Amino acid sequence: DRKSGSRRSQFVSTGDRVNISKNEFEEKIREALLNAERHINVPKLLSDAVCEHGELEPSAQSPDYEYKPSKKSEPISCPEDDKETEFCASSNASRVSEVNRLWSVIALKHFLRERSDVRQALDDCLLTCSPCIRGAKWEKKVRACNEFAHWVSLSLSDRENEGNANANFYALHNEVTRAKACTSGSCFYRTESLASIGPLLLEKSFYTDESSLYGKKLYGHENNPSPLLDILHQTYAMHATGKATLWVTSLLELAGLNKVTKALMLYNKNIAEIEIKYAMGTVSKNELLAFMRNSVTLWTTTSCPAVTRALLSPYILTPYSP
């Protein structure tokens with residue numbers, strides 16, 4: 001009859017059985033196309049120019065690590081670098097104290113380079129003070145923080161027996177996703193390792209006097225931004241193996257993990273799969289997919305094929321209940 005015929009039209013026959021709705025079938029086709037799309041080659045077009053002027057690629061810890069600055073262009077100067085700011089002058093003693101405290105912890109560990117090299121890198125990374133995110137002082141911070149992160153032999157996993165076979169990543173300010181990530185496997189920002197020393201240090205505040213109720217962060221974005229946390233996060237990503245999972249509750253959080261995602265997808269050759277878990281009801285899957293497609297297009301056309309994977313790590317998007 002018309003009613004039953006109408007109902008049958010809502011389903012697609014596979015073989016002799018009707019077992020999947022038309023909407024489900026179309027969704028599976030879309031997923032299959034996306035999976036094919038995610039196995040993307042890194043094109044070798046214009047590779048010489050990209051390799052010569054491309055950005056600094058992330059890498060794992062190594063005694064052979066040498067910082068290689070980007071040759072895109074000459075560093076843009078920053079007027080605030082011309083003289084020491086009031087914040088930098090008044091907070092210097094606090095920064096020295098924090099660096100000495102940090103050194104007392106890591107000095108007990110094994111170094112991948114000469115002890116004096118590591119100490120110099122630490123000092124240049126965290127004692128250099130400037131509100132700029134470009135210019136000579138910022139470049140000095142980036143160089144030194146990279147050297148420090150790659151030359152100190154501290155664990156990058158909070159699960160020594162598992163290593164980083166199931167690494168989890170999340171927006172570091174989000175305590176909810178942090179809880180989910182850190183109960184699902186190895187995660188950044190745990191234990192007293194290289195991956196946690198940075199965040200602990202970067203949360204320290206400076207008080208102008210004992211009567212001050214509110215302090216200013218020693219490495220806050222407004223007065224003295226530091227690249228150390230981003231560098232540690234990317235280094236952690238380069239030590240991950242197997243499956244990696246990203247936890248996000250918004251498009252903004254995925255954008256904030258862009259460098260980590262790029263390290264996992266484009267540079268880490270030990271990653272087999274990436275799962276992006278997104279909170280249902282708080283973010284659109286289509287928006288996340290569009291962002292990932294745009295990111296992949298940018299990465300594959302502006303990165304040096306000589307140091308990247310031949311194929312990007314495949315990724316899937318999976319909803320979870322927040």
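Just so we're clear, the structure is a prediction, and the values are computed from it rather than from any experiment.
Between Leu246 and Leu264 the shortest side-chain heavy-atom distance falls below 4.5 Å. At least one side-chain heavy atom of Ser295 sits less than 4.5 Å from a side-chain heavy atom of Asn258. Cys125 is not listed as a side-chain neighbour of Glu147, based on a closest heavy-atom distance of 4.5 Å or more. Val283 has its side chain within reach of Leu288: a pair of non-hydrogen atoms, C-beta onward, lies under 4.5 Å apart. Put simply, the side chain of Pro227 reaches to within 4.5 Å of the side chain of Trp138, judged on heavy atoms. When side chains are defined from C-beta on, Glu273 counts as touching Ile316, because their heavy atoms get closer than 4.5 Å.
The backbone N or O of Lys180 sits less than 3.5 Å from a side-chain atom of Thr183, completing a donor-acceptor pair. Checking side-chain atoms of Asn268 against main-chain N and O of Ala240 turns up a donor-acceptor pair under 3.5 Å. Panel note: side chain Arg178, backbone His173; no donor-acceptor pair is recorded below 3.5 Å. Between the Thr128 side chain and the Lys137 main chain, no donor and acceptor come within less than 3.5 Å of each other. Of the possible polar contacts, none joining the Asn92 side chain to the Cys88 backbone as a donor-acceptor pair under 3.5 Å is found. Judged purely by atom type and a 3.5 angstrom limit, Ser91 has no side-chain atom pairing as donor or acceptor with the backbone of Ser94. Between the side chain of Ser90 and the backbone N or O of Phe87 there is at least one donor-acceptor pair closer than 3.5 Å. Looking only at distances, no side-chain donor or acceptor of Gln61 sits under 3.5 Å from a matching main-chain atom of Thr235. Using modelled atom types, one side-chain atom of Arg113 and one backbone atom of Pro63 make a donor-acceptor pair closer than 3.5 Å. For the pair His233 (side chain) and Val260 (backbone), a donor-acceptor distance under 3.5 Å is absent.
Tested against Val248, the residues Thr177, Leu317, Thr282, Leu257 include a single side-chain contact (heavy atoms from CB on, under 4.5 Å) partner, Leu257. In summary, of the residues considered (Leu218, Leu126, Leu127), a side-chain contact (heavy atoms from CB on, under 4.5 Å) with Glu98 occurs for Leu218 alone.
Taking the six-membered ring where tryptophan is involved, the planes of Tyr65 and Trp151 are perpendicular, since the angle between them exceeds 60° and thus also 30°.
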- Any chance you could lay out the side chain to side chain contact (heavy atoms under 4.5 Å, CB included) test for Ile271 and Met265, step after step, and finish with the verdict? CA-CA 8 Å; Ile271 293 295; Met265 288 188 68; over 6 Å; no
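Scanning both residues, Ala121 and Ala144, for their nearest heavy atoms gives O-CB, 3.4 Å. Across Cys182 and Tyr170, no two heavy atoms sit closer than the pair SG-OH, 4.1 Å.
Lys141 and Asn224 are linked by a side-chain donor-acceptor pair at a separation below 3.5 angstrom, with hydrogens and angles left out of the test.
Ring centroid separation for the pair Phe148 and Trp103 does not come in under the 6.0 Å cut-off.
Note on Leu252: it does not cluster hydrophobically with Ile276, by side-chain heavy-atom contacts below 4.5 Å among ILVMFWY residues.
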